[in-house]
Amino acid sequence: DPADFDKAAAGRAAVAEVQDGMLVGLGTGSTATQAIRALGARVAQGLAVRAVATSRASEALARQLGIVMLDFADVPRVDLTIDGADEIDDRLYAVKGAGGAMLREKVVAAASDRMVVIADGSKRVATIGAARVPVEILPFAHASLMAALGEGAVLRMQANAPYLTDNGNWIADGRFDLHDPVETAAWLDTIPGVLGHGLFLTEVDGAYIADAGVVSRLER
Ligand code: DER
């Protein structure tokens, strides 16, 4: 993937913020993977940190790289979380969830003193809205929720069965008019059976966006 170079550059830029003694939140996806690899390299050189992961996949990779992992269920606060995004705009509004981890990602981000997004240039948009918004739904309520989410919503499938999140739920990839993303997020949060969604409107404190090797830093 030609964007890998930029993903790695963005990952390194965010990992440069990590200091000895920190408790770090590890995101999910191909860009977050680059950050986990960069953190693993610094740990191999003696950086003393502990981490929590936003997915089983990220946890397994981090452990494999020698990063000391804690169970997030036992962790009240995280110092810095580093995670990717599907879209991010200059308001630091982000759409996340293409990797299916947005529920745990939002929970960890909300428990973090600081959360930074890392991305290659293709994720940077003028305003969020083109990408589908992943919505984590309770399988028990599948039919009624698909109706509530509107005709643009599509049940995410994997190997001819509904995609299963790490939480054992399903995902509806929604298509919503995001002229007022705050209103859309508030609406989604009121629907019983909607357990999470990919609109991150308050969680992102900063972003490192690498485009053709040049890393831009955005701050809220
Ligand atoms: O699923 C997620 O939330 C990921 O962070 C996603 O938004 C970005 O994944 P990528 O880095 O592989 O594009």
Side-chain angles (χ1 to χ4, degrees), residues 1-15 24-39 51-62 72 78 80-89 92-112 114-125 128-137 154 156-158 163-167 169-176 178 181 185 188 194-211 215-216 218:
D1 179 350
D4 277 353
F5 179 81
D6 281 333
K7 292 180 181 183
R12 282 193 303 275
V15 168
V24 185
L26 305 178
T28 296
S30 61
T31 314
T33 289
Q34 297 285 355
I36 295 170
R37 293 194 183 287
L39 185 63
V52 291
T54 56
S55 64
R56 294 200 183 101
S58 291
E59 168 137 25
L61 173 62
F72 178 72
V78 174
L80 171 66
T81 288
I82 302 170
D83 201 351
D86 302 325
E87 282 188 336
I88 183 161
D89 67 26
L92 292 182
Y93 284 176
V95 176
K96 290 174 54 49
M102 68 280 179
L103 174 49
R104 294 191 179 193
E105 289 172 336
K106 190 176 284 185
V107 167
V108 173
S112 301
R114 176 169 167 79
M115 187 268 195
V116 294
V117 160
I118 52 176
D120 67 272
S122 71
K123 308 297 185 57
R124 190 166 191 179
V125 296
I128 59 169
R132 285 188 166 280
V133 178
V135 180
E136 182 149 342
I137 63 172
V154 176
R156 188 180 298 186
M157 302 294 283
Q158 185 172 49
Y163 172 88
L164 273 184
T165 68
D166 281 357
N167 313 304
N169 299 309
W170 292 356
I171 290 179
D173 286 303
R175 170 79 66 204
F176 308 114
L178 295 185
L188 289 169
V194 167
L195 305 164
H197 59 79
L199 292 175
F200 283 53
L201 309 179
T202 60
E203 292 81 5
V204 182
D205 297 305
Y208 291 98
I209 299 171
D211 199 357
V215 180
S216 305
L218 304 178

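Counting starts at 1 for both ligands and their atoms, in listed order. Note that the coordinates shown come from a computational prediction; the quantities given were computed from them, not determined experimentally.
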Got the closest protein heavy atom to [atom], with its distance?
atom                    : answer
atom 1 (O) of ligand 1  : Gly99 N, 2.6 Å
atom 4 (C) of ligand 1  : Thr28 O, 3.1 Å
atom 10 (P) of ligand 1 : Ser30 OG, 3.4 Å
atom 13 (O) of ligand 1 : Lys123 NZ, 2.5 Å
atom 11 (O) of ligand 1 : Thr31 OG1, 2.7 Å
atom 3 (O) of ligand 1  : Glu105 OE1, 2.6 Å

Option nearest atom 6 (C) of ligand 1 (shortest heavy-atom distance, choices Asp83, Asp86, Thr54, Asp1):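 Looking at heavy atoms only, Asp86 sits closest to atom 6 (C) of ligand 1.
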Heavy-atom nearest neighbour of atom 2 (C) of ligand 1 within options Gly97, Pro134, Gly29: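 Selected option, by shortest heavy-atom distance: Gly97.
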Side chains of Ser58 and Ser55: do they bring a donor and an acceptor to under 3.5 Å?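 Short answer, yes.
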Ligand-side contact atoms (ligand 1) for residue partner [X], heavy atom cut-off under 4.0 Å:
X      : value
Gly100 : 1 (O)
Gly84  : 5 (O)
Ala98  : 1 (O)

Report yes if the side chains of Asp166 and Arg104 come closer than 4.5 Å at any heavy-atom pair, otherwise no.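 Yes; the side chains approach each other to less than 4.5 Å.
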So for atom CZ, which belongs to Arg37, do other residues, nucleotides or ligands contribute more than 12 heavy atoms lying within a distance under 6.0 Å?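 Not more than 12 within 6.0 Å, no.
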Below 4.0 angstrom, N of the basic side chain to O of the carboxylate: do [X] and [Y] qualify?
X      : Y      : result
Asp205 : Arg114 : no
Lys7   : Asp1   : yes
Lys96  : Asp83  : yes

Let me see the working for Arg156 and Asp173 under salt bridge (charged side-chain N to carboxylate O under 4.0 Å, His left out), right down to the final yes or no. CA-CA 6 Å; Arg156 188 180 298 186; Asp173 286 303; 2.8 Å; yes
Steps toward side-chain contact (heavy atoms from CB on, under 4.5 Å) verdict (Ile82, Leu26): CA-CA 6 Å; Ile82 302 170; Leu26 305 178; 6.0 Å; no
Which atom pair, heavy atoms only, marks the closest approach of Tyr163 to Gly100?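 Nearest heavy atoms, Tyr163 then Gly100: OH-CA, 3.8 Å.
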State whether the shortest distance between N or O atoms of Met102 and N or O atoms of ligand 1 falls below 3.5 angstrom.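 No - when backbone and side-chain N and O of Met102 are compared with those of ligand 1, no distance drops under 3.5 Å.
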Can you confirm, on distance only, whether ligand 1 has an N/O atom lying under 3.5 Å from any N/O atom belonging to Lys7?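 N/O-N/O distance below 3.5 Å does not exist for this pair.
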